[in-house]
Number of protein chains: 2
Amino acid sequence: MTVTLADVAHRAQVSPATVSRVLNGNYPVAAATRERVLRAVKDLDYVVNGPASALAASTSSLVGILVNDIADPFFGIMASAAQAQISGAEGTPGAIGGEKLAVVCNTGGSPERELTYLTLLQRQRAAAVILTGGAIEDPDHSAAVAAKLARLAEAGTRIVLCGRPPLPPSAGSPVTATLSFDNRAGARRLTGHLLALGHTRIGYVAGPAERTTTRHRLEGHRAALAAAGVADDPARTLHGAFDRASGIAAATRLLDAEPGLTAVVAANDTIALGVCTAARARGLRVPEDLSVAGFDDLPSATDTVPALTTVRLPLIEAGARAGLLAVTRETSHGPDGVETVPAELVVRGSTGAIRGA
Amino acid sequence: MTVTLADVAHRAQVSPATVSRVLNGNYPVAAATRERVLRAVKDLDYVVNGPASALAASTSSLVGILVNDIADPFFGIMASAAQAQISGAEGTPGAIGGEKLAVVCNTGGSPERELTYLTLLQRQRAAAVILTGGAIEDPDHSAAVAAKLARLAEAGTRIVLCGRPPLPPSAGSPVTATLSFDNRAGARRLTGHLLALGHTRIGYVAGPAERTTTRHRLEGHRAALAAAGVADDPARTLHGAFDRASGIAAATRLLDAEPGLTAVVAANDTIALGVCTAARARGLRVPEDLSVAGFDDLPSATDTVPALTTVRLPLIEAGARAGLLAVTRETSHGPDGVETVPAELVVRGSTGAIRGA
DNA sequence: TAGCGCATAGAAAGCGCTTTCTAAGAGTGC
DNA sequence: GCACTCTTAGAAAGCGCTTTCTATGCGCTA
């Protein structure tokens, strides 16, 4: 049947214990012995039995990356960076254990599936779990997630939040590290930029109401308006999904209701692209007739003409850092294990001074 | 410490064997006993130890979905459909085992990472593996993949190809089922459509040269030209990546070299969107001055004005079917387990009759 | 009433690793 | 030259399940 560790041991003329030690590299083995074992491994084309290994060591080599929407580049970029980091982290100083299997789990934004995946990963005794993207703002669900994370942490699973707000810092929080995107500050700067250009009638296309990311960005937007003494007309804010169709629909409604808008801020770049499309469809030029701004600085933000003014989130860096924190003994800088990821304003062609200003 | 099956057995006043049987549902257990066990499971918040279970049963509940590019909606859509199907397939007639953990592994198009992931999934004794997207046309790599798949199949892992060409049908092929996209026929129809509109100077923006998908679509394109007796000028074909930037770059070069082109066919929709952008950037109207066509019929194909003429691939259906084949005892229709997924021409606004025709 | 089969549940032997505990040599210092 | 430490490797006991084999009790038929 399949080759087992015992077969390797036999061929290398050593005990199973020695083979295990060579493969896991956590115990001194004489160079000659090691060579012999590695040769036998290669000769027999031996592949470790993961479940057996996980059972004995009571931790597996699985790292789960939870994403809200697998088809959204925002998550794709982070997940891909995290995976690359984890795959390459084997030899990293401080690395925990050997080669990891980084896998992404798509919750589709559904609270139930988020919980299901967490349970499934718990069942697999995952080495680490990375949760990306905003959390769902439902008290019941948050509590259920927190409880699940506590169970995971108890079993030794490292937990990294990437782009999520920190969990309430209770004593003995289950979370290993949190990378918190500074959505509020970024949004504040973005709207501040538009205000500085003279805009005061600014529409806002928000994301799904129940996401923390949506709320934080909206709060930043409103804070900027308030700071500038500009009244915030609630009718100028519309909620939708984080996608292009949503941007088209919302922009259309917004401009129908108030054709005098001179700028529209979108909760992310994909929505912003939709807003641009909608604007052009009704004959408005960007930015001459309408300034449009996005958020995230996805690659697609520079695909259009003019390129999008947006807020840059270092997704690749954040994803990679999340991966690193997940599989090494490295601990987080920052108080309570929370690292704030900066959100930087990037001014491009899609925003301009208000006419006559 | 953590709750084990023995704890549950003790609480339910039954033997561990009975608990196992209740949880796996593969053996008759009296209703009353089952109830008692399920109560105990709930009371203790018991979660199966996946590795232990996998070790004893010599198969895990992991299903790996390999994708070339996690940030590409083409893969996102298929993967997401497959995941949804697998998560929901637990009770399906013919289902193999219980709840599965469907995870996606991003190879980034790298042959090494493809092999690495396959090995890692082998190590985890995955229940099934789904390989999506075109294969890499390198004899060494193909052989290595085939060998790896053989090892996986030997260990009981089901293997489903989705959007890949069938493996050479050797006796005892390791592949459980193949969903082969009919790229050639689709491409032939698409170019046929342009020829029917009177176009003869048609540019082609191909994908990466080493992918089977690229080759098949290009072959279809050329077959259509040949069938119409239109000479195929190799200079009109440019290879690039499957992304928008590639489309912009290639279209620019193509139109610089031969401004008289009246149509450009792209190897996929994302490239086509880039072609549209490049065309507009040089003042060409689509479709009046230049017809543009894509492939795949991604959601973004209808986001633009005019919407893209393209070839529809039923990605959701294919992904779901792949998921089903992966986790149920269902076998593939079609000879050698190969099912051909049709590619249907979708005519929209981005293609038009040649001027004066 | 004896005997048989069927439905249900327990006992126990692993699955293939990891890791603790133990042992055997090989150096080293006095 | 002897006791001691240090390095290296083996023996063996599980890790928590699944599953085969076995046992029990019950409802039948003859």
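In the text below, chain A, chain B and the rest are named by the order of the sequence lines, each starting its count at 1.
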Pair B/K148-B/E114, salt bridge (Lys or Arg N to Asp or Glu O under 4.0 Å): steps then yes or no
CA-CA 10 Å; B/K148 198 44 108 176; B/E114 182 165 288; over 6 Å; no
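- Contact record, B/A144 with B/L115: CB-CD2, 3.8 Å, taken as the closest heavy-atom pair.
- Residues A/R123 and B/S53 bring no donor and acceptor atom of their side chains to less than 3.5 Å of each other.
- Within the nucleic acid shown, B/S53 comes within 4.0 Å of sugar-phosphate atoms alone, with no base atom in reach, counting heavy atoms only.
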Expected string for nucleotides 6-12 of chain D under the B/S/- scheme (protein heavy atoms, under 4.0 Å, primed atoms plus P, OP1, OP2 as sugar-phosphate) is --BBBB-
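- Contact annotation: A/Y46 side-chain N/O to C/dG16 OP1/OP2 distance is not under 4.0 Å.
- In this structure, A/L55 and B/A52 approach most closely via the heavy-atom pair CD1-CB, 3.6 Å.
- Listed nucleotides D/dC17, C/dG16, D/dT18 differ in distance to B/N49; the shortest reach to its side chain belongs to D/dC17.
- The side chain of A/S20 has C/dT18 as its nearest neighbour among C/dT18, D/dC17, C/dC17.
- Taking both residues in full, the closest heavy atoms of A/Y117 and A/N106 are given as CE1-O, 3.4 Å, listed atom of the first, atom of the second, then distance.
- Taking atom CD of residue A/Q124 and atom C1' of nucleotide D/dC17, one finds them 13 Å apart after rounding to whole Å.
- The closest side-chain donor-acceptor pair between A/S15 and A/T18 falls under 3.5 angstrom.
- The nearest whole Å value for the distance from the CG atom in B/L5 to the P atom in D/dT18 is 6 Å.
- Judged purely by distance below 3.5 Å, without hydrogens or angles, the side chains of A/S60 and A/Q124 never pair a donor atom with an acceptor atom.
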A/R321 vs A/E330, test: salt bridge (Lys or Arg N to Asp or Glu O under 4.0 Å). Steps then yes/no.
CA-CA 10 Å; A/R321 176 115 184 101; A/E330 175 148 358; 3.1 Å; yes
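- Sparse packing is recorded around NE2 of A/H10, with 12 or fewer heavy atoms of other residues, nucleotides or ligands lying under 6.0 Å away.
- Straight-line distance from the CG atom of B/D7 to the C1' atom of D/dC15: 14 Å, rounded to whole Å.
- The CG-C1' distance, from A/N24 to C/dG16, rounds to 13 Å in whole Å.
- Along DNA chain D, the nucleotide nearest to B/L55 and the one nearest to B/N26 differ in position, and the one closer to the 5' end is contacted by B/L55.
- To the nearest angstrom, C1' of D/dC17 lies 11 Å from CZ of A/R125.
- Summary for the helix from C/dT1-D/dA30 to C/dC30-D/dG1: the axes at its two ends, each from 5 pairs, differ by 40° when rounded to the nearest 10 degrees.
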